Amino acid sequence: FNGAHLQLARLFVAQVATAVRNMQLYMRLNQAERQQKTVNRISRLMAEEAALDTVLTCVVEEAVKLVDARFGTVLLLDSDQELVIRALYGHSSPPVGFHVRRDVGQAGYVADTGEFSVVTDYDHWELSNPAMQNALPAGSILYGVPLSYRGRVVGVLQVVGIQQPTTNIDEIEEMLMAVALPASIAIVNAELHEILKQDQQQLQAILDYTSAAVAVFGPDGSILLLNPEACRVLERLNIPAAGIEGRRLVDLLAEILPGEAFDLADIGSVVEINLGEIGEYLVHIAPIVLTGGTVYRYVAVGQDVSELRRLDRMKSDLIHILSHDLRNPLGLARGSIDLLDEPDLPQDQRGQLKEMIVSSLERMDQLIRDVVDLEMAQSLGEETALPYLLPTTVQKVIKRNELKANQQNVELVYQEYNVPPDKLKGHILLISQAIDNLVNNAIKYTPAGGHVQVTLDVEDEYAVIRVVDTGYGIPAEHLPHLFRQFYRVNDKRTRHIQGTGLGLSLVRAIAEAHGGRVSVESQVDVGSTFSLYLPVESARPSQTGEGQLKRYDLAEQVGKRLGTQ
Ligand code: ADP
């Protein structure tokens, strides 16, 4: 060899070295490109919001192909921190859903340490799972990749190859870790999605089952959401809830209450809305404010406070009775008793005083009986109802009122058109009390010379007791309130007639407690007709059974627990 040959050889070696380097570079580039393509494929699936299982199946398949392995598995940590197989590629056992031990095996090890692991001789590995020993093909190499997000391990990607890899372990780790990242994000996303879904379901259940009406508005007051109770309130107002979204609250309020001008800015955080028969609502309005301070939405929660208000009114009425209606006759009786002691009092005046005392006591007695009867009628149960003959009951009431009608020079007649075929079921004392109240009122509110006609008939499924009088009649504006407790018509023609304002509310309570109803028609100076409907069959809904309200009185137990009993 001469120098020229040597130089040629050097040149050749240098060229071969360059070619090898180029080859290596090419292979690395090729590998990086494959890795990038794999990550892209997984990312695309995620962007398309594919199901988590689809993403994970793609992840394990791509990971296996990327490192030229045989098969692979994705295991996730469930809420109990147990490892569960979620996706497979290249094998089918153990299957998806299988719980893998955490205390032994590679997946458990990776989940615990959060570190990449390679096991080349599984059967002799100190942490190997005895159930897996001999199950793996000879020469298996196991790669365990942690799937973690912000330092929290959410699962493990396990890939198993057979031959010694041509690529070095660091590169394999790099490739698998690149695939693991989008997989971890997909898992965390799915977790968040699930939490959001559960929160949403919880919120939905609250909105669906709360007795409050809930509405959500945009910052301009347009309606965005109404819960079922809010829809029911609107429907009772004859405003169909369908298609209401997007409409402005002020326009809606203007529709409900025409003639009133509404401005969102004027509506305070607590508003009282009285919807008449539909209910009285206390509405709390709260803004939902974004971090920057801008109002994003408004939430309005309306609570029906009609019952509370009714009880409140009842309480005031009862105080009124005690302070006025009971005190007056009491004072009158007391004064009369004092006067009776006067020795020089003429006999006829003594008689008048005695009458005054008796009438005062009767008034107080009537008042107390009405209040007690009302309470009883409202708390009646079906268990105590007994069969009774309605015609006999009505006849007895007529008999009882004949004397009074005579005294007032009012003609009282009774006629039976049809009678119920069987006995009715109910509380006879209360039923006769209800009929008595109607007959008594008719006589009371009919001037001398008038007529009261009572009839018994059967219409459809109801026995109907109709009390028709030719009395003062009731002005139309009072008719809707007539059956309310303590309601009395303020009319100069009837002001002199004594009463408690409880009689008709008692009739209604008794009728409803028996599955019936009461109605009124009246014309001023012509007369009134009150009709009491009682079901012929025991049409009253049973108090127990599915879907019925159950009451639990736990006051005593709670008292005991708190040591106050
Ligand atoms: P009261 O004890 O005042 O009679 P009610 O509840 O029985 O109480 O009746 C309520 C009001 O309805 C009465 O105050 C009266 O003004 C009116 N009313 C009831 N029945 C008649 C009737 N038959 N004719 C005219 N007005 C009546």
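Remember, it's 1-based here, ligands and their atoms both numbered in the order they're listed. The structure presented is a predicted model; accordingly, all values stated were derived computationally and were not measured. The analysis underlying the following values was restricted to heavy atoms, covering all of them including side chains, and did not include hydrogens, waters or symmetry mates.
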Does a sphere of radius 6.0 Å around CD in Glu461 hold more than 12 heavy atoms from other residues, nucleotides or ligands, not counting ones at 6.0 Å or beyond? no
Distance col, row Glu272:CD vs Arg309:CZ, nearest 0.5 angstrom, shows 4.5 Å
Students should be able to answer this: which protein heavy-atom is nearest to atom 2 (O) of ligand 1, and at what distance? Thr500 N, 2.7 Å
In this structure, atom 7 (O) of ligand 1 is nearest to the protein heavy atom Asn441 ND2, 2.8 Å
Would you please determine whether Ser528 falls within less than 4.0 Å of ligand 1 on a heavy-atom basis? yes
Would Asn437 count as a contact residue for ligand 1, given that I'm defining contact as a non-hydrogen atom of the residue lying under 4.0 Å from a ligand atom? no
Below 4.0 Å from ligand 1: does a non-hydrogen atom of Thr494 turn up there or not? no
Give me the nearest non-hydrogen protein atom to atom 23 (N) of ligand 1 as residue plus atom name, then the distance to 0.1 Å. Asp469 OD2, 2.9 Å
Going by heavy-atom distance to atom 16 (O) of ligand 1, choose the closest among Val489, Val468, Ile497. Val489
Report the part of Tyr487 (side chain from C-beta onward, or backbone N, CA, C, O) that has a heavy atom under 4.0 Å from ligand 1; answer both or neither where that applies. backbone
Among protein heavy atoms, which lies nearest atom 12 (O) of ligand 1, and at what distance? Leu482 CD1, 3.5 Å
Can a donor-acceptor pair be found between the side chains of Asn437 and Gln433 at a distance below 3.5 Å? yes
Val467 and ligand 1 - part of the residue with a heavy-atom distance under 4.0 Å: neither
Option of least heavy-atom distance to atom 4 (O) of ligand 1 (set: Tyr472, Tyr445, Phe530, Phe486): Tyr445
Inter-residue atom distance Leu234.CG - Ile244.CD1, 0.5 Å rounding: 4.5 Å
How far is atom 6 (O) of ligand 1 from its nearest protein heavy atom, and which residue and atom is that? Leu504 N, 2.7 Å
Salt bridge (Lys or Arg N to Asp or Glu O under 4.0 Å) with Asp312: which residues, sequence neighbours excluded? Lys315
Determine, for Arg232 against Glu229, whether the closest basic-nitrogen to carboxylate-oxygen distance falls under 4.0 angstrom. yes
Which protein non-hydrogen atom lies closest to atom 3 (O) of ligand 1, naming both residue and atom, and how far is it? Arg488 NE, 2.5 Å
Spell out, as yes or no, whether a donor-acceptor pair under 3.5 Å connects the side chain of Asp469 to the backbone of Ser528. yes
Can you sort out which atoms of ligand 1 are near Ala442, meaning under 4.0 Å from one of its heavy atoms? 23 (N)
Of Gly501, Pro475, Gly499, which has the heavy atom at the shortest distance from atom 8 (O) of ligand 1? Gly501
Tell me the protein heavy atom at minimum distance from atom 26 (N) of ligand 1, and give that distance in Å. Ile474 CG1, 3.3 Å
Is it possible for you to check whether Arg517 lies under 6.0 Å from the centre of the six-membered ring of Phe483, through NZ or CZ, and within 45° of that ring's axis? no
Find the distance between CD (Glu459) and OH (Tyr533) and round it off to the nearest 0.5 Å. 5.5 Å
Under 3.5 Å, is there a donor-acceptor pair between the side chain of Asn401 and the main chain of Val397? yes
Close approach of Lys444 to ligand 1, heavy atoms, under 4.0 angstrom: yes
Run the numbers for me: atoms of ligand 1, each under 4.0 Å from some heavy atom of Leu502, listed by number. 6 (O), 8 (O)
Between the CG atom in Asp208 and the CG atom in Asn227, the distance rounded to the nearest 0.5 Å is 7.5 Å
